[in-house]
Amino acid sequence: MAAILFVATSGCTWRQLPPVFGASWQTVHRRFTYWSKARVWAKLHRVVLDRLGTNGALDWSRCAIDSVSVRAVKGGP
């Protein structure tokens, strides 16, 4: 997971993954792909939000909904 997070936050490509993580870039990429298909990231996000909410650490007054991610209906009303 550390290698996947490194790629996601550093901006490097999979092939540029430093060997310090102890796995080849192919292995890390394969695991990322598998976890993505299994919706691990969405589930992890939900768990983190639930835990933060339970601890009172979320401020929903500062949340925003991005309408760009919602598909527009063709043809209109």
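- Screening residues 18-27 for side chain to side chain donor-acceptor pair (under 3.5 Å) gives Ser24-Gln26, Ser24-Thr27, Thr27-Arg30 as the qualifying pairs, with residues at least two apart or on separate chains.
- For the atom pair His45 NE2 and Arg39 CZ, the distance stands at 11.5 Å (nearest 0.5 Å).
- Residues Val47 and Leu49 are members of separate hydrophobic clusters, defined by side-chain heavy-atom contacts under 4.5 angstrom among Ile, Leu, Val, Met, Phe, Trp and Tyr.
- Across all non-hydrogen atoms, the minimal contact from Met1 to Leu44 is CE-CD2, 4.1 Å.
- Residues satisfying the side chain to side chain donor-acceptor pair (under 3.5 Å) criterion with Trp35, sequence neighbours excluded, are absent altogether.
- Interatomic distance, CG of Leu52 versus CG of Asp59, reported as 12.0 Å (0.5 Å rounding).
- In this view, Asn55 and Arg51 satisfy the side chain to side chain contact (heavy atoms under 4.5 Å, CB included) rule, not counting sequence neighbours.
- Take Val7 and apply the side chain to side chain contact (heavy atoms under 4.5 Å, CB included) test, not counting sequence neighbours, and it matches Cys12, Trp14, Leu17.
- Looking at residues two or more places apart in sequence or on another chain, you find a side chain to side chain contact (heavy atoms under 4.5 Å, CB included) between Pro18 and Phe6, Val20, Phe21.
- Taking the side chain to side chain contact (heavy atoms under 4.5 Å, CB included) definition, one finds that Thr9 meets it with nothing, sequence neighbours left out.
- Linking Ile, Leu, Val, Met, Phe, Trp and Tyr residues whenever their side-chain heavy atoms come within less than 4.5 Å places Phe32 and Leu5 in a single cluster.
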